[in-house]
Amino acid sequence: MSGDWIGSRENHRAGSPDSTRRPFRRRLEFLAALGQRMFVLFGWYVLSIGPMYWRWYSAEFVNGSPYVRAFYRPLWLLARRFPWFGEWLDFYVQMWGEWRL
């Protein structure tokens with residue numbers, strides 16, 4: 001009965017074909033989970049510019065917080081490098097301003 005579940009030591013004895021693939025599979029699962037988390041965090045980062053636009057604007061062009069400027073600087077650089085991203089970002093920021101989201 002103890003050998004029926006996946007994490008059993010009996011299923012992963014040294015020398016079995018599954019034991020050599022186990023560390024690789026664990027690393028692969030870890031990297032997949034890390035990639036998913038980074039994708040979600042990057043999405044939240046991009047979407048956070050909407051409500052923070054005027055703080056960023058004052059930091060970039062007036063004399064605002066250098067931390068806000070540094071935090072959103074990569075988005076500004078991405079928007080300059082990829083025009084389609086800049087147009088989408090402009091549309092998104094306008095939604096926060098004109099539509100009062």
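Starting from 1, each residue takes its place in the sequence as its number.
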As an exercise, state the distance from [atom1] of [X] to [atom2] of [Y], rounded to the nearest 0.5 Å.
| X | Y | atom1 | atom2 | value |
| --- | --- | --- | --- | --- |
| Tyr45 | Phe42 | OH | CZ | 7.5 Å |
| Leu47 | Met52 | CG | CE | 14.0 Å |
| Leu31 | Met38 | CG | CE | 12.0 Å |

Original post:
Hydrophobic clusters join Ile, Leu, Val, Met, Phe, Trp and Tyr when side-chain heavy atoms are under 4.5 Å apart, directly or via other members; which others share one with Val40?
Top reply: Leu41, Trp44
Subject >> Set of side-chain contact (heavy atoms from CB on, under 4.5 Å) partners for Ser58, sequence neighbours left out >> reply: Val62
**OP:** Can you see which heavy atom on Ala59 is nearest to which on Ser65, and at what distance?
**Re:** CB-O, 3.2 Å
Original post:
If you look at every heavy atom in Trp56 and Ile49, which pair is closest and at what distance?
Top reply: CB-CD1, 4.1 Å
Original post:
OH of Tyr57: more than 12 outside heavy atoms within 6.0 angstrom?
Top reply: no
Original post:
When you look at Tyr92 and Trp96, which way does the side-chain hydrogen bond (donor to acceptor under 3.5 Å, both in side chains) test go after all the steps?
Top reply: CA-CA 7 Å; Tyr92 176 69; Trp96 279 90; 3.0 Å; yes
**OP:** Scan residues 36-52 for pairs that pass salt bridge (charged side-chain N to carboxylate O under 4.0 Å, His left out), counting only residues two or more places apart or in two chains.
**Re:** none
**OP:** Report the residues that fulfil side-chain hydrogen bond (donor to acceptor under 3.5 Å, both in side chains) with Gln36, sequence neighbours left out, ordered by chain and then residue number.
**Re:** none
Subject >> Those residues that, when tested against Phe39, pass ring-ring contact (aromatic ring centres under 6.0 Å, His included) (two or more places apart) >> reply: none
Atom pairs and distances, side-chain donor-acceptor, residues 72-86, under 3.5 Å, sequence neighbours left out:
from: Tyr72; atom 1: OH; to: Ser48; atom 2: O; distance (Å): 3.4
from: Tyr72; atom 1: OH; to: Ser48; atom 2: OG; distance (Å): 2.9
from: Arg73; atom 1: NH1; to: Glu60; atom 2: OE2; distance (Å): 2.8

